Amino acid sequence: MIRYAKPTDLDDALALLGETQWRVLAGGTDFYPALGSKPLRENVLDINGLAELRGLAETASHFVIGARTTWTDIVKADLPPAFDALRQAGREVGSVQIQNTATVAGNLCNASPAADGVPPLLILDADVELHSLGGTRYLPLGDFILGNRRTALQPGEMVTTIRVPKSSAVGASNFQKLGARRYLVISIAMAAARVVVGEDDRIADAAIAVGSCSAVAKRLTGLEAALRGRTAGPALRDVIAEAQLAELSPIDDVRGTAEYRLDAAREIVFRAVMAASGYSGTETVAA
């Protein structure tokens with residue numbers, strides 16, 4: 001027998017998760033399409049009654065995003081420029097109707113290599129708060145998403161918040177997405193960059209992540225190191241062109257070849273870095 005529950009208290013939700021296996025339902029924008037014409041055969045824990053899990057907050061050390069926070073909430077939020085890439089990505093998550101319903105945590109838990117929200121959160125050094133009856137633990141986002149449709153969630157656990165340390169919410173950021181058309185498209189490649197430019201116009205710090213070019217979105221730590229200390233500007237194209245990008249492992253599929261993805265990743269990384277460095281005229285989405 002399939003069970004359905006919609007608790008209004010987090011402790012009640014965790015108690016249910018501790019009893020048996022449940023499929024957690026939030027926005028449902030991935031859940032329902034995945035069903036197709038198949039009958040539902042899982043217990044459903046609807047967390048839309050948990051008001052405490054929606055919204056953004058600020059503590060002494062972190063910006064905190066509730067698991068039920070929608071992409072529209074992110075787009076409209078008053079956040080520092082370091083979150084600009086996350087806002088830009090939010091505008092690319094399906095249609096406006098999808099953005100009104102789809103949740104940030106759902107985007108992470110779905111664990112698609114093409115999840116728009118992952119690269120912008122990676123460059124912010126975000127971590128994921130996981131609750132269960134046994135307690136609370138925190139995982140860096142890079143450790144939470146393990147592969148295509150795989151996460152580190154353990155039985156009885158649910159994501160409650162995504163946290164961004166204030167020490168990482170500095171500089172400006174930009175998000176670039178390449179698709180076969182301008183709107184409502186799964187990305188061929190995407191990139192997010194956060195750049196801190198010093199008074200001498202040199203890059204003091206850089207954080208870069210690329211999605212859709214490996215089983216999980218990846219930080220390009222080698223390129224980040226190569227950019228630090230460089231003068232911001234068009235000459236950075238050569239630095240990016242020469243980078244190995246060893247963290248990426250693109251594949252051939254119906255949307256593009258591995259070779260094309262790698263070339264595209266270099267171009268959109270350059271655009272994201274330029275825009276985050278304050279250079280205008282950079283497209284936010286390539287098509």
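Keep in mind that what you see is a predicted model, and the values were worked out from it rather than measured.
Take Arg237 and apply the salt bridge (Lys or Arg N to Asp or Glu O under 4.0 Å) test, not counting sequence neighbours, and it matches Glu267. By the salt bridge (Lys or Arg N to Asp or Glu O under 4.0 Å) test, Arg219 pairs with Asp125, Glu224, sequence neighbours left out. The salt bridge (Lys or Arg N to Asp or Glu O under 4.0 Å) test applied to Asp30 returns no partner, not counting sequence neighbours. With sequence neighbours excluded, no residue forms a side-chain hydrogen bond (donor to acceptor under 3.5 Å, both in side chains) with Lys76. Looking at residues two or more places apart in sequence or on another chain, you find no salt bridge (Lys or Arg N to Asp or Glu O under 4.0 Å) involving Arg68. Remark: Ser95 pairs with Gln97 by the side-chain hydrogen bond (donor to acceptor under 3.5 Å, both in side chains) rule, at least two apart or across chains.
Ion pairing between Glu19 and Arg3 holds under the 4.0 Å rule for side-chain N and carboxylate O.
Annotation: the span from Met190 atom CE to Cys213 atom SG amounts to 8.5 Å, rounded to 0.5 Å. Once rounded to the nearest 0.5 Å, the distance linking CG of Leu79 with CG of Leu56 reads 6.0 Å. Annotation: the span from Leu121 atom CG to Ile74 atom CD1 amounts to 8.0 Å, rounded to 0.5 Å. Within the model, atoms CD of Glu129 and OG1 of Thr160 stand 3.5 Å from one another, a figure rounded to the nearest 0.5 Å. To the nearest 0.5 angstrom, Phe175 atom CZ is 8.5 Å from Gln88 atom CD. Rounded to the nearest 0.5 Å, atoms CG (Leu245) and CG (Leu220) are 5.5 Å apart.
Sorted by first and then second residue, the pairs that involve residues 239-258 and meet salt bridge (Lys or Arg N to Asp or Glu O under 4.0 Å), not counting sequence neighbours, are Asp253-Arg255, Asp253-Arg261. For residues 58-82, the set of pairs meeting the ring-ring contact (aromatic ring centres under 6.0 Å, His included) definition, not counting sequence neighbours, comprises Phe63-Phe83. A salt bridge (Lys or Arg N to Asp or Glu O under 4.0 Å) check over residues 77-90, counting only residues at least two apart or in different chains, returns the pairs Asp84-Arg87. Residue pairs meeting the ring-ring contact (aromatic ring centres under 6.0 Å, His included) criterion with at least one partner in residues 193-233, sequence neighbours excluded, are absent.
Arg163 is not listed as a side-chain neighbour of Ile65, based on a closest heavy-atom distance of 4.5 Å or more. Val273 is not listed as a side-chain neighbour of Phe270, based on a closest heavy-atom distance of 4.5 Å or more.
Residues Asn110 and Arg149 bring a donor and an acceptor atom of their side chains to less than 3.5 Å of each other. Residues Ser132 and Glu157 bring no donor and acceptor atom of their side chains to less than 3.5 Å of each other. Counting only N and O atoms by type, the side chains of Thr72 and Gln99 include no donor and acceptor under 3.5 Å apart. Using a 3.5 Å distance cut-off with no hydrogens or angles, the side chains of Thr29 and Thr101 do not pair a donor with an acceptor.
Tracing side-chain contacts under 4.5 Å through hydrophobic residues (I, L, V, M, F, W, Y), one reaches Val197 starting from Leu227; they form part of the same cluster. Under the 4.5 Å side-chain contact rule for hydrophobic residues, Leu236 and Tyr279 share a cluster. Transitive grouping of hydrophobic side chains (ILVMFWY, heavy atoms separated by less than 4.5 Å) brings Leu108 and Leu153 into a common cluster.
Between the Arg137 side chain and the Leu130 main chain, no donor and acceptor come within less than 3.5 Å of each other. The closest donor-acceptor contact from the side chain of Arg150 to the backbone of Leu146 lies under 3.5 Å. Using a distance-only test at 3.5 Å, with no hydrogens or angles considered, a donor-acceptor pair links the side chain of Ser214 to the main chain of Val216. Under a 3.5 Å cut-off, the side chain of Asn107 and the backbone N or O of Gly117 do form a donor-acceptor pair.
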### Task
For side chain to side chain contact (heavy atoms under 4.5 Å, CB included), just list the numbers for Arg194 and Val170, CA-CA rounded to whole Å, side-chain angles, deciding distance to a tenth of an Å, and then say yes or no.
CA-CA 8 Å; Arg194 179 175 58 85; Val170 294; 3.7 Å; yes
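Tyr32 shares a hydrophobic cluster with Tyr4, Leu25, Phe31, Leu35, Leu40, Val44; the chain of contacts runs through ILVMFWY side chains whose heavy atoms sit under 4.5 Å apart. With a 4.5 Å cut-off between side-chain heavy atoms of Ile, Leu, Val, Met, Phe, Trp and Tyr, the cluster of Ile47 takes in Leu10, Leu14, Leu16, Leu17, Trp22, Val24, Leu45, Leu50, Leu53, Leu133, Met158.
Closest of all the heavy-atom pairs between Ala189 and Ser212 is CA-CB, 3.9 Å. The two residues Ile123 and Ala85 make their nearest non-hydrogen contact at CD1-CB, 4.2 Å.
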